[in-house]
Amino acid sequence: MGYNNNTKTTGKSTIALSLLQYPDCCTSKDNLMTVTHCLFSPKCLKSHIYLTIVSSFINQMVGNWDVFTNNKSVTMPDDREKTLNEPIQTQMLDQLWELQRNNGCINDDDIKQLAHRFNLSDIEVEGVVSFYHFFHRKPTGKYTIYLNNSIVADLKGFNRIKETFERETGATFGSVDRTGTFGLFLTPCIGLSDQEPSALINFYPFTNLNAIKVKDIIHSLRNGATPASLCDAPADNIRYTPPGDKSIFFKKFTEGSAIANAAKLGRDGIIEELKKTELAGRGGAYFPTWKKWKAAKDQPAVPKYVVCNADEGEPGTFKDRVLLNTQAKSLIEGIMVCGYTIGAEYGIIYLRGEYHWLQPKLEEAINEYRKSGLLGTDCGNIKGFNFDIRIQMGAGSYVCGEETALLESLEGKRGEPRTKWFFPVEKGYLQKPTVINNVETFCAAARIIEMGAEAYMQMGIPGSPGTKLISVSGDCKLPGIYEIEWGMTVAELLELCEADDPYYIQVSGPSGECISIKEKYRRISMLDLLARKDIRCGGSFMIFNKQRDLVKVLLNFSEFFKSESCGICTPCRAGNFIIQRKLERLDNGLANEKDLEELKSWGTIMKNTSRCGLGKTATTSLIFSMEKFHDYFHNKLDKDFNGLNLKFDMENATEEYEKYKI
Ligand code: SF4
């Protein structure tokens, strides 16, 4: 049933087709025709690959058949305390995590055993392992260190910390030292931009690093201390809430209050409340929440699922981290209210691998809800409302923040975005109706139901009621979380965080719009967006002062998108690579007008032809900055048009030779 409507790309087929350089193997009619042709052409050297693809495809159909027909119950491992209607492959990521944690890698035997267990081929399991940054095929050392290389870390002394780690451990980044004790790896934003430089050691957080602190940490680890005993408890840094005790997100939340009100309002009443408040997806897409919930509610198919996207991977964004740490109860109740509204029985929190350290606290909160009878059978005394929640750990992949990629990952596959033939509310997790919202949206929904739409709408401005959380980092004295009322201006926010000579501000992470200080009187709201009067923020402000090199900032972003692209479609896979090369030319003083034109046209191609949001928005900051910082870019051009590398220094290059030539 599912495959008639949705020709999926999975494991082996993806790898084989990628090798053949097909641009978009899920949808291209030509590809399928070529496959058919080759299957009937014994001379074709590629035919064995196609046969492999087809056999994998059939395997998938057979292997997953019970997902679409039987809904067999599978008993999950001990840490999932409930029997859920989920096929066995959904345990894939948990099993891989266990192997990675216990053995420091996933070896050939593990792959074979997992393939046998999940009724997949070895290459399919290999395909899943290779997709996620935190799964490795070679040992990663007794202490695996992931140092954040985002642009904010770069501003705060990343290079010094990198050198210190290398000097103290004897390893170089991307490898393990000779004794197998320390493995050093770079990783993009780990959600701690307000306390950079930061790193994860065996997934425990270490913040505000400096050379002395790194030296002490490595020394202590060598002497038997554990990362758990040395790690930091990251500060929440909630710097601002609306004055007069008017915080919506951070005021005290009473367990059971939202679900009790939900029962009084009824399903249609909840949707009405959300509609009045104009709550829209706070992950950045701003799709009206009431519409999404109503669409799922109206679907006849069962079971239905609620998925919380806690895969906050946009560099510079850390508001969900703070909500997870301080507001687990309002999050749980937001998910429950959604489950009650749409008629779901299961909720899943997809927690990014970088937030492993938050998992125990979140589990504890879920267990408390179970103990108090708020989760389980007849939740919140609502007869017939049976609901439970589990956590699924992600494993390091930015693109899994895209909702359909997240669903694939939840199903135990490579986190490749799906072709958009169906909305998740129609066919989402396991092809069943699924609501996916992020942490902030669920927390806001719980608060709206708890306090009532009228009270919520007292805050903000008409057309943008309520408050918004913004993660502020970069060149400012008070990085952290700001709960602003919609309608606040950029200037006011910059003043609150004591911005240091702000010049370039990246809003909503690298995939968002950048603004210059000249635009500081724009309001932050959901209004006047097309006229570019107001600015809508997905959740972060990264502030850069005039001393910062804009091209270096953009190079950091392009490296990020290049390495996070899943590579399934050509505009994104090739485009991000080409953008990076062009920016390097600009950085080296070799670019000319034609390069700038080409940068713009690549931006348009990627925006219009990429399959998912990553490719579509990867050049947004670049295109906006070329428009807003026109003079800066033109000053960087090779005006003589001679193609000479202006950064090349003959004296430096020959210095060594001159020293020894006598
Ligand atoms: Fe993958 Fe990029 Fe295509 Fe998205 S746009 S599906 S990340 S290659």
Side-chain angles (χ1 to χ4, degrees), residues 6-31 127-134 187-189 283-285 309 311-315 317 350 352-353 394-411 413-424 427-428 436 508-512 538 554 557-582 599 601-623:
N6 190 0
T7 313
K8 287 189 175 190
T9 304
T10 48
K12 190 190 294 182
S13 55
T14 304
I15 293 166
L17 283 162
S18 308
L19 286 171
L20 295 171
Q21 301 281 301
Y22 281 116
D24 191 340
C25 46
C26 279
T27 50
S28 168
K29 206 170 145 199
D30 288 349
N31 292 346
V128 177
V129 173
S130 64
F131 188 83
Y132 298 93
H133 295 315
F134 297 146
T187 193
C189 189
N309 183 345
D311 195 46
E312 177 180 56
E314 192 71 41
T317 314
Y350 185 93
R352 68 187 302 226
S397 165
Y398 168 73
V399 75
C400 284
E402 197 274 349
E403 59 183 11
T404 61
L406 188 150
L407 292 172
E408 289 289 293
S409 181
L410 273 181
E411 291 179 10
K413 301 171 189 165
R414 292 164 65 82
E416 286 165 353
R418 295 176 181 172
T419 47
K420 307 293 184 287
W421 294 347
F422 299 101
F423 291 113
K427 287 176 187 278
I436 309 176
S508 311
S511 66
L554 294 168
F557 294 167
S558 76
E559 171 60 33
F560 169 73
F561 286 119
K562 191 187 76 176
S563 61
E564 293 299 326
S565 164
C566 81
I568 212 170
C569 49
T570 304
C572 174
R573 186 179 63 231
N576 279 311
F577 181 84
I578 290 166
I579 298 277
Q580 191 184 29
R581 290 286 90 84
K582 295 261 176 223
L599 276 172
S601 57
W602 265 105
T604 311
I605 292 168
M606 288 169 68
K607 189 173 173 191
N608 294 334
T609 58
S610 293
R611 182 190 289 186
C612 85
L614 188 151
K616 285 181 191 300
T617 60
T619 55
T620 308
S621 49
L622 171 66
I623 301 301

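For ligands, and for the atoms within them, numbers begin at 1 and follow the listed sequence. Heavy-atom basis, side chains included; hydrogens, waters and symmetry copies ignored.
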Ligand 1 atoms in contact with [X] (distance to a heavy atom under 4.0 Å):
{"X": "Gly615", "value": "5 (S)"}
{"X": "Cys566", "value": "1 (Fe), 6 (S), 7 (S), 8 (S)"}
{"X": "Ser565", "value": "2 (Fe), 8 (S)"}
{"X": "Val399", "value": "7 (S)"}
{"X": "Gly567", "value": "1 (Fe), 8 (S)"}
{"X": "Ser610", "value": "5 (S)"}

Presence of salt bridge, Lys420 and Glu402, under 4.0 angstrom: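 Yes.
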
May I ask you to decide whether Glu312 forms a salt bridge with Arg352, counting only side-chain N to carboxylate O separations under 4.0 Å?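 Judged by the 4.0 Å cut-off on N to carboxylate O distance, Glu312 and Arg352 do not form a salt bridge.
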
Between the side chains of Glu314 and Ser511, is a donor N or O closer than 3.5 angstrom to an acceptor N or O?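 Yes, Ser511 and Glu314 have a side-chain donor paired with an acceptor closer than 3.5 Å.
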
Cut-off 3.5 Å, side chains only: do Tyr132 and Ser409 have a donor facing an acceptor?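 A donor-acceptor contact under 3.5 Å links the two side chains.
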
In the protein, what heavy atom is nearest to [atom], and what distance, to one decimal place, separates them?
{"atom": "atom 3 (Fe) of ligand 1", "result": "Cys569 SG, 2.2 Å"}
{"atom": "atom 6 (S) of ligand 1", "result": "Ile568 CG2, 3.5 Å"}
{"atom": "atom 2 (Fe) of ligand 1", "result": "Cys572 SG, 2.4 Å"}

Under 2.8 Å from atom 2 (Fe) of ligand 1, is there an N/O/S atom belonging to Cys612?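 Short answer: no, not a single N, O or S atom is under the cut-off.
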
Can a donor-acceptor pair be found, under 3.5 Å and without considering hydrogens, that links the side chain of Arg611 to the backbone of Pro417?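 Checking the backbone N and O of Pro417 against the side chain of Arg611, a donor-acceptor pair under 3.5 Å is found.
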
More than 12 non-hydrogen atoms from neighbouring residues, nucleotides or ligands closer than 6.0 Å to NZ on Lys607, yes or no?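 No, NZ of Lys607 has 12 or fewer neighbouring heavy atoms, counting only those of other groups under 6.0 Å.
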
How far apart are the closest heavy atoms of Val399 and Gly415, and which atoms are they?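 Closest heavy-atom pair between Val399 and Gly415: CG1-O, 3.4 Å.
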
